[in-house]
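No hydrogens, no waters, no symmetry mates; every other heavy atom, side chains included, goes into these values.
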Amino acid sequence: MYGICAQRSDGKVLNCANDHLSTKPDDLLSSKIQSLCPTITDNACCNAAQFETLREQVQQAVPLLVGCPACLRNFLNLFCELSCSPNQSLFINVTSAKQINNTLTVNGIDFFLTSTFGEELYNSCKDVKFGSVNTRVMDLIGAGAQNYKDFLAFLGRQAAPNTPGSPYEIDFQTNAPLTSGMKPMNTTVYSCGDSLLGCSCGDCFSSPACSVVTPPALPEKGSCKIAMGSVRVKCIELSLAVLYAAAISVFLLWGILRRKGQSRPLSERKPLFNDHGGNELCGYKLKNTTSDLHMSEDPPSVTVLRPSLVQDCMAQVFRNYGAFVSRKPTLVLSLSLVIPILLCIGLIHFTVETRPEKLWVSHGSKAAEEKSFFDHHLAPFYRIEQLVLATVPASKNAMAPSIVTDQNLKLLFELQKKVDELHATYFGSVVSLANICMKPLADDCSTLSVLQYFKMDRVEYDNYGGIQHAEYCFEHYYSEETCRSAFQAPIDPSTVLGGFPGRNYSVASAFIITYPVNNEVGDNGDENGKAVAWERAFIRLVKQELMPMVEQQNLTLSFSSESSIQDELERESSADVITILVEQMTQKESFHTGASNTDTTRKILSSTISKRFYHARL
């Protein structure tokens with residue numbers, strides 16, 4: 001094959017069938033080819049137009065496979081060899097040609113490749129995830145293939161007009177006829193665990209770096225143990241317990257003996273004040289008052305504790321401080337008010353932190369640093385807004401009826417219309433879902449909803465056949481073009497339905513509608529102001545308009561937004577101020593009314609806080 005000779009009715013180009021020898025491209029084309037196909041360094045079997053077609057086609061798969069470099073490289077190598085390899089005739093045989101406008105075009109080929117290349121290609125891509133639609137990439141590019149033969153068969157099928165796929169049939173085979181002189185292609189293939197092109201553990205479970213850590217070895221069976229009844233205790237643990245008990249006993253004995261040594265009869269005590277004109281204690285001159293004491297000659301023997309020097313000093317200091325306070329109460333009260341106010345001036349910069357990631361991950365931790373690096377160099381995880389519409393079981397033990405009915409789908413279209421028409425205001429600008437939603441593959445929002453099987457269009461619901469088309473798409477969502485979403489991606493029914501056994505999606509009892517919203521990264525906390533404004537308007541819409549519509553149909557509606565947790569934290573932060581003030585006032589009142597009222601109030605406040613914390617967790 002060489003060059004492009006014609007087009008199909010849907011615009012897909014067809015290669016020319018000829019025996020043109022490989023040629024050396026000019027420097028510009030050569031650099032382009034090597035940027036996409038590094039294994040092709042000299043001659044090539046493609047011209048500039050053919051290469052541009054190749055690049056446009058493989059670019060559609062790059063966003064899906066970029067998360068695993070090894071898978072992407074192998075995938076590109078397959079189609080690079082198909083389109084531009086100078087040795088093309090050694091492993092490709094044109095088996096069918098079609099005459100279009102007096103030109104012979106390729107209609108079918110045999111592509112011989114080794115089973116090793118096929119297996120490694122499949123193994124490097126089989127576990128790769130595509131987060132935008134929460135599914136495996138193999139479901140998108142391989143129709144959920146379970147082995148490399150199914151994968152290659154899907155890639156090689158001839159696509160019908162206006163459907164994605166190859167314009168001609170490609171029959172991938174691993175054994176070339178001996179008499180043909182052809183050899184299977186065996187270009188370089190990379191494992192997903194390759195040291196240079198390795199993938200993350202989430203996309204490559206077989207990588208050596210992702211192997212399960214070996215658990216620590218169990219203690220040897222011959223370790224020392226002592227049997228104490230039915231309990232066996234290790235010798236080291238028993239020894240430590242004995243040493244601990246001995247240390248405690250020695251400490252207690254020393255304290256008892258020391259306390260007894262400090263106490264003796266009053267008759268044997270040394271007078272605190274002597275008869276020689278006074279005494280000096282802690283730097284204070286004390287008058288001699290012993291002459292004023294009239295004691296009997298034989299006072300009774302009383303055993304008292306002798307205060308230590310430190311206690312005497314502290315008593316004297318606080319006695320003088322109390323006298324100072326009583327003499328100058330105005331000065332003391334003024335200082336007690338002014339000094340705390342001065343120390344609290346910094347509170348003018350105080351803000352209540354309500355961002356969950358800042359509250360639950362300590363600043364400067366390893367997790368915080370890695371998340372910051374990821375957010376700044378790639379992109380933060382998108383914000384999630386969600387609705388869950390569900391049926392109600394007839395009784396407590398009964399199963400909920402199926403929600404997949406014509407009436408419920410029409411209701412869902414009405415709810416979706418309300419959400420699409422919702423507008424919020426942010427500093428004078430009008431914000432709608434279309435302004436903030438994630439659009440990974442097209443100009444349409446990547447909303448995950450069962451309505452995507454009808455391109456989110458009420459008119460298409462009738463054109464496609466209504467409920468029967470939805471049930472058909474539950475089984476053919478990855479292969480049928482009419483089942484693809486408005487943003488041109490397949491919708492896995494397990495992501496938009498709930499309450500179904502196994503893969504029996506038709507009896508699902510809930511619709512799950514998820515709105516991924518773009519997320520911005522920054523340190524100020526107001527980078528997502530438009531999204532937050534819309535989310536709060538979204539919550540009001542659900543409570544005021546959507547809930548009554550759903551309840552009239554005897555259904556339930558649950559909802560959440562990305563800012564729900566942060567709003568709850570802000571509400572609780574404000575509400576707890578009153579709780580703390582009430583508790584402080586109650587404690588002061590207890591000086592007059594007793595402790596019983598305080599205990600009762602504390603129990604009430606504790607119950608209130610517990611209930612609020614429970615709702616915050618919900």
Any chance [atom1] of [X] has more than 12 other-residue heavy atoms, nucleotides or ligands included, within less than 6.0 Å?
X: Met549; atom1: CE; answer: yes
X: Asp462; atom1: CG; answer: yes
X: Lys98; atom1: NZ; answer: no
X: Lys455; atom1: NZ; answer: yes

Any sub-3.5 Å donor-acceptor pair from [X]'s side-chain atoms to [Y]'s backbone N or O?
X: Asp492; Y: Ser494; answer: yes
X: Thr447; Y: Ser449; answer: no
X: Tyr461; Y: Tyr453; answer: no
X: Asn519; Y: Phe381; answer: yes
X: Asp171; Y: Asp110; answer: no
X: Lys439; Y: Ala434; answer: yes
X: Gln452; Y: Arg484; answer: no
X: Asp194; Y: Leu197; answer: yes
X: Gln544; Y: Val542; answer: no
X: Gln7; Y: Lys12; answer: no

Relative to the ring of Tyr505, is the ring of Phe474 parallel (under 30°), tilted (30 to 60°) or perpendicular (over 60°)?
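Ring orientation of Phe474 relative to Tyr505: perpendicular.
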Hey, what's the ring geometry for Phe75 with Phe151, parallel, tilted or perpendicular (30° and 60° as the breaks)?
parallel
Please examine the side chains of [Y] and [X], heavy atoms only from C-beta on, and report whether any two atoms are closer than 4.5 Å.
X: Val137; Y: Leu65; answer: yes
X: Cys473; Y: Tyr464; answer: no
X: Val450; Y: Val404; answer: no
X: Glu169; Y: Thr95; answer: no
X: Asp127; Y: Asp203; answer: no
X: Tyr148; Y: Lys126; answer: no
X: Tyr472; Y: Cys483; answer: yes
X: Leu113; Y: Phe91; answer: no

Minimum heavy-atom distance between [X] and [Y], given as atom pair plus value:
X: Val392; Y: Thr556; answer: CG2-CG2, 3.5 Å
X: Asn504; Y: Val507; answer: O-CG2, 3.2 Å
X: Phe487; Y: Leu448; answer: CZ-CD2, 4.5 Å
X: Ile33; Y: Phe51; answer: CA-CE1, 3.6 Å
X: Thr391; Y: Ala400; answer: OG1-CB, 3.5 Å
X: Leu411; Y: Leu389; answer: CD2-CD2, 4.5 Å

What do the steps show when you test Leu546 against Leu541 for side-chain contact (heavy atoms from CB on, under 4.5 Å), and what is the final call?
CA-CA 6 Å; Leu546 303 190; Leu541 174 71; 4.2 Å; yes
Under a 4.0 Å threshold between the charged nitrogen and the carboxylate oxygen, would Glu52 count as salt-bridged to Arg55?
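Yes, this pair counts.
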Shorter than 2.5 angstrom, is that how the SG atoms of [X] and [Y] come out?
X: Cys199; Y: Cys71; value: no
X: Cys80; Y: Cys37; value: yes
X: Cys84; Y: Cys45; value: no

Taking Pro516 as the fixed residue, which of Met438, Arg383, Glu562, Gln386 is the one that meets the side-chain contact (heavy atoms from CB on, under 4.5 Å) rule?
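Answer after filtering Met438, Arg383, Glu562, Gln386: Met438.
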Value rounded to 0.5 Å, distance of [atom1] in [X] from [atom2] in [Y]:
X: Gln173; Y: Met182; atom1: CD; atom2: CE; value: 9.5 Å
X: Met1; Y: Ile92; atom1: CE; atom2: CD1; value: 4.5 Å
X: Ser429; Y: Asn435; atom1: OG; atom2: CG; value: 8.5 Å
X: Cys46; Y: Tyr2; atom1: SG; atom2: OH; value: 7.5 Å
X: Ser485; Y: Tyr477; atom1: OG; atom2: OH; value: 13.0 Å
X: Asn463; Y: Asp457; atom1: CG; atom2: CG; value: 8.0 Å

Would Ser191 and Glu120 count as a side-chain contact (heavy atoms from CB on, under 4.5 Å) here? Give the steps.
CA-CA 6 Å; Ser191 167; Glu120 288 297 329; 4.1 Å; yes
Looking just at side-chain N and O atoms, do Asn77 and Thr187 make a donor-acceptor pair shorter than 3.5 Å?
no
Is there a donor in the side chain of Thr39 and an acceptor in the side chain of Glu81, or the other way round, less than 3.5 Å apart?
yes
Residues His469, Phe454; criterion ring pair (Phe, Tyr, Trp, His ring centres under 6.0 Å); working and verdict:
CA-CA 8 Å; His469 178 71; Phe454 309 98; 5.5 Å; yes
side-chain contact (heavy atoms from CB on, under 4.5 Å) evaluation trace for Lys371 with Val361:
CA-CA 10 Å; Lys371 183 179 185 302; Val361 180; over 6 Å; no
Run Phe538 and Leu387 through side-chain contact (heavy atoms from CB on, under 4.5 Å) and show every step you take.
CA-CA 11 Å; Phe538 171 72; Leu387 295 173; 3.6 Å; yes
